[in-house]
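The next block holds one structure in the form of structure tokens; read it before the comments.
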Amino acid sequence: MTILVAVAEDTVQEAVLDVAVALAKGLEQDLYVVHLVDAETADAEAKRVRDATRERVADANVVATVALEHVSHSGTRPGNRIGQELVDLAADVDITHIVMGHASKGWLARLREGDTAFAVVADANVPVTLVPNGSETAVEDSL
């Protein structure tokens, strides 16, 4: 049983990892952490984020695999496309739970770009935990 953790370079990344680690410990599950990149070949910055994430989850004392996953931002409504790719990934890797961040968008941006979190929640066949932007609280203290 594995929890899929989608991280991006954003302000909620640390909180997403905190929530995922707490869930992994509480549910006694492994983590599959993916850093989402839009280039088919990872650049040095993406590899740096991947390596830093590996170190962070290794220090958390949970079983985790950290990988880079290419997700296409092309086409209309890229947020919806990314969400669908995450749902497909979850089905391919036998995921039992998804943890990801969510930053609120205005209605115009949501209409133009779509919303990754909404797309995942709508189509996932497993529970989804959304970590909102601005949730830098101590997750382990609240569990």
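At a threshold of 4.5 Å between non-hydrogen side-chain atoms, the residues V121 and L130 count as touching. Using a 4.5 Å heavy-atom cutoff, the side chains of R56 and D18 are in contact. Proximity of L89 to E85: side-chain heavy atoms (C-beta onward) are nowhere separated by under 4.5 Å. Side-chain contact between Q84 and D123: present, with at least one pair of heavy atoms (C-beta onward) separated by less than 4.5 Å. When side chains are defined from C-beta on, V49 counts as touching Q13, because their heavy atoms get closer than 4.5 Å. Contact annotation: the side chain of V5 never approaches that of V34 to less than 4.5 Å [non-hydrogen atoms, C-beta and beyond]. You'll find the side chain of V63 stays beyond 4.5 Å of the side chain of L31, heavy atoms only. The side-chain heavy atoms of V62 and D30, taken from C-beta on, include no pair separated by under 4.5 Å.
Shown here is N61, whose CG atom has no more than 12 heavy atoms of other residues, nucleotides or ligands within 6.0 Å. Within 6.0 Å of CG on N125 lie no more than 12 heavy atoms contributed by other residues, nucleotides or ligands. In the displayed structure, E28 atom CD is contacted under 6.0 Å by at most 12 heavy atoms of other residues, nucleotides or ligands.
The heavy-atom pair separating K25 from A60 by the smallest distance is CE-O, 2.9 Å. Closest heavy-atom contact between A90 and I98: CB-CD1, 3.9 Å. Residues V126 and I95 approach most closely at CG1-O, 3.2 Å, considering heavy atoms. Between G83 and A119, the closest heavy-atom pair is CA-CB, 4.0 Å. Heavy atoms only, all atoms of each residue included: V16 and M100 are closest at CG2-C, 3.8 Å. When all heavy atoms are compared, the tightest approach of G101 to V12 is CA-CG1, 3.8 Å.
For R50 (side chain) and L68 (main-chain N/O), no donor-acceptor pair under 3.5 Å exists by modelled atom type.
Side-chain contact of H97 with T129: a donor-acceptor pair under 3.5 Å is present, judged by distance alone. Using modelled atom types, one finds no donor on one side chain facing an acceptor on the other under 3.5 Å when comparing Q29 with T2.
Follow the hydrophobic side-chain contacts under 4.5 Å out from V21 and you reach L27 in the same cluster.
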Inset, instruction - Assess whether side-chain contact (heavy atoms from CB on, under 4.5 Å) is satisfied between D51 and R48, documenting all intermediate values. - result: CA-CA 5 Å; D51 294 343; R48 184 199 61 75; 5.9 Å; no
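Checked against V128 for a side chain to side chain contact (heavy atoms under 4.5 Å, CB included), the options V87, V120, V99 give a single hit: V120.
If you take CG on L86 and CG on L4, they are separated by 6.0 Å, rounding to the nearest 0.5 Å.
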